[in-house]
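Lettering follows sequence order; numbering is per chain, from 1.
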Protein chains: 2
Amino acid sequence: MEDFFERGVGSMKDPYALFSDFIARKKLKMTPQRRQILDVFLSEEGHVTSEELYQKVKRDYASIGQATVYRTLKLLADSGLAKAVEFGDGAVRYEILYGQSHHDHLICEECGVNVEVVDPAIERLQIEVANRHGFKLTGHKLYLYGLCPACQKRSTSS
Amino acid sequence: MEDFFERGVGSMKDPYALFSDFIARKKLKMTPQRRQILDVFLSEEGHVTSEELYQKVKRDYASIGQATVYRTLKLLADSGLAKAVEFGDGAVRYEILYGQSHHDHLICEECGVNVEVVDPAIERLQIEVANRHGFKLTGHKLYLYGLCPACQKRSTSS
DNA sequence: TTCATTGCAAAGCCTTTGCATAAGT
DNA sequence: ACTTATGCAAAGGCTTTGCAATGAA
């Protein structure tokens, strides 16, 4: 079980420990709300909005407030456990960063389906492009938009 | 005469003609407000927010309303003259699409400076990645974040 | 004439913030 | 005890929308 978290990455703490450490290091406090939000967040797959998380957390913790979810999501991002992503709609989404390999997003413009993709060559070229301009690359966001197989069929058959 | 223009410069109508045609095709109306907003937009370089454009348009057209600018910017995007881009802050920016070669953005996280970049290899690979998943690529957004040369120096010399 | 457009203000979203109370450490 | 966190509601940005008046075609 430990093994699961350590696989391939040397000494990797589990997400809960990672967050506690972050909390301690920043002299913050670990509260039941934060624990609950973290739990639900980790059990999610995909890209959650604050609102979605709020709704789900509320099921087990009825008194939770929206603001707490917003604030905790920020903390999770700061701690390195979560990453903010933005697709077209005006809402910030969070995905699990911990233990996930880096990936970009391929989004169907028709049905919204979202595939996580990665291409080492693109990653490498991005660094080159940045270097070419004297920049030191620290991160990137790549969103590919297109038509998924199903929607291609749907539009040609009509 | 007609012939000459249509064959020689057929695909290169000027932006104003392009917009008028769009307006006509959609059975909309060309108004002084729209003309003025288009003028100011085309005279801008870089990435304008609706608010910025509103302020500048107001200098020559004091009675203009914010909503008109928002609405017109949407139209410009629909017509293909403008393109919406979003950097980190919560505001949509528009850049001129017409006659511009496609490019992505390399942004300094420290000072915010923004370089327009393009790499044909990356473009090509994006199509491949999409194809690999059965998608037909229709567009993409790539934002590279890093430290510009100046800010790298600044941080090492401190 | 007819129908889109305008400007204004109100309303909508999503997110942040002020504050008194509650609760970790 | 001391200080941060919480929940609520209010306030903030940015953007959209309803509407009566205006103006283009």
Side-chain angles (χ1 to χ4, degrees), chain A residues 16 19-41 47-79 82-94, chain B residues 16 19-41 47-79 82-94:
Chain A
Y16 301 93
F19 191 56
S20 312
D21 287 5
F22 172 82
I23 291 289
R25 186 158 12 96
K26 292 262 187 173
K27 299 201 197 322
L28 306 178
K29 287 162 185 174
M30 182 55 82
T31 65
Q33 288 91 333
R34 287 177 179 170
R35 259 187 284 270
Q36 181 67 25
I37 292 168
L38 174 56
D39 268 4
V40 176
F41 176 67
H47 319 92
V48 219
T49 62
S50 184
E51 175 65 24
E52 287 163 0
L53 207 53
Y54 169 61
Q55 292 303 334
K56 296 196 175 173
V57 170
K58 220 166 45 170
R59 301 209 274 247
D60 290 306
Y61 202 123
S63 69
I64 198 95
Q66 293 242 36
T68 301
V69 178
Y70 274 104
R71 290 188 275 229
T72 303
L73 241 13
K74 282 250 158 78
L75 283 181
L76 291 179
D78 287 350
S79 77
K83 182 184 179 187
V85 293
E86 295 171 72
F87 309 144
D89 58 349
V92 177
R93 288 158 193 285
Y94 289 86
Chain B
Y16 301 92
F19 191 56
S20 313
D21 286 5
F22 172 83
I23 290 290
R25 187 158 10 97
K26 292 262 187 172
K27 297 200 199 323
L28 305 178
K29 288 165 182 170
M30 183 54 82
T31 66
Q33 288 91 332
R34 287 177 178 171
R35 260 187 282 270
Q36 181 68 23
I37 291 168
L38 175 57
D39 269 3
V40 175
F41 175 67
H47 319 91
V48 219
T49 62
S50 183
E51 174 66 24
E52 287 163 0
L53 208 52
Y54 170 61
Q55 292 303 335
K56 296 196 175 174
V57 170
K58 219 165 48 167
R59 301 209 274 247
D60 289 305
Y61 203 123
S63 69
I64 198 95
Q66 293 241 35
T68 303
V69 178
Y70 274 104
R71 290 188 275 230
T72 303
L73 240 13
K74 282 249 157 76
L75 284 181
L76 290 179
D78 287 351
S79 77
K83 181 185 179 187
V85 292
E86 294 171 72
F87 308 143
D89 58 349
V92 177
R93 289 159 190 285
Y94 289 87

Is there a side-chain contact between A/Thr72 and A/Gln33 (heavy atoms, below 4.5 Å)? no
I'd like to check B/Tyr61 versus B/Ile37 (side-chain heavy atoms, cut-off strictly below 4.5 Å). Are they in contact?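 They are not in contact (no side-chain heavy atoms under 4.5 Å apart), so the answer is no.
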Separation of [X] atom [atom1] from [N] atom [atom2], in whole Å?
X       : N      : atom1 : atom2 : result
B/Tyr70 : C/dA10 : OH    : P     : 18 Å
B/Asp78 : C/dA4  : CG    : C1'   : 16 Å
B/Gln36 : C/dT6  : CD    : P     : 13 Å
A/Tyr54 : C/dT16 : OH    : C1'   : 16 Å
A/Glu52 : C/dT15 : CD    : C1'   : 15 Å
B/Leu75 : C/dT6  : CG    : C1'   : 13 Å
B/Arg34 : C/dA4  : CZ    : C1'   : 8 Å
A/Leu53 : C/dC14 : CG    : C1'   : 15 Å

Quick one: is [N] close enough that its OP1 or OP2 comes under 4.0 Å of any side-chain N or O from [X]?
X       : N     : value
B/Thr31 : C/dT6 : yes
B/Thr68 : C/dG7 : yes
B/Gln33 : C/dG7 : yes

Among C/dG18, C/dG24, C/dT5, which is the nearest nucleotide to the side chain of A/Pro32? C/dG24
Students should find this one: the first and last nucleotides of DNA chain D, 5' to 3', lying under 4.0 Å from a heavy atom of chain B. What are they? D/dC14 to D/dA25
DNA chain D: 5'-proximal contact among B/Arg71 and B/Leu28 (nearest heavy atom):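 Between the two, 5'-proximity favours B/Arg71.
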Where each residue is assigned the nucleotide of DNA chain D containing its nearest heavy atom, which of B/Gln66 and B/Lys29 is assigned the position nearer the 5′ end? B/Gln66
Hey, what do you get for CZ (B/Phe22) to CG (B/Asp78), rounding to the nearest 0.5 Å? 4.5 Å
Select base, sugar-phosphate, or nothing to describe what B/Thr49 touches, counting heavy atoms under 4.0 Å on all strands.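 No contact at all - B/Thr49 keeps every heavy atom at 4.0 Å or more from the nucleic acid.
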Nearest-nucleotide wise, let me know which of B/Lys27 and B/Ala67 is further upstream toward the 5' end of DNA chain C.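 That would be B/Lys27.
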Run the salt-bridge test on B/Asp89 and B/Arg93 with the 4.0 Å N-O cut-off and return the result as yes or no. yes
Polar side-chain atom of A/Glu52 near backbone of A/Thr49 as donor-acceptor pair, under 3.5 Å: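 Present.
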A/Ser20 side-chain N/O to A/Tyr16 backbone N/O, donor-acceptor pair under 3.5 Å: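 Looks like yes, one N/O pair under 3.5 Å.
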Pairs satisfying salt bridge (charged side-chain N to carboxylate O under 4.0 Å, His left out), at least one member in residues 22-41 of chain B, at least two apart: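 Sorted result for residues 22-41 of chain B: empty, none.
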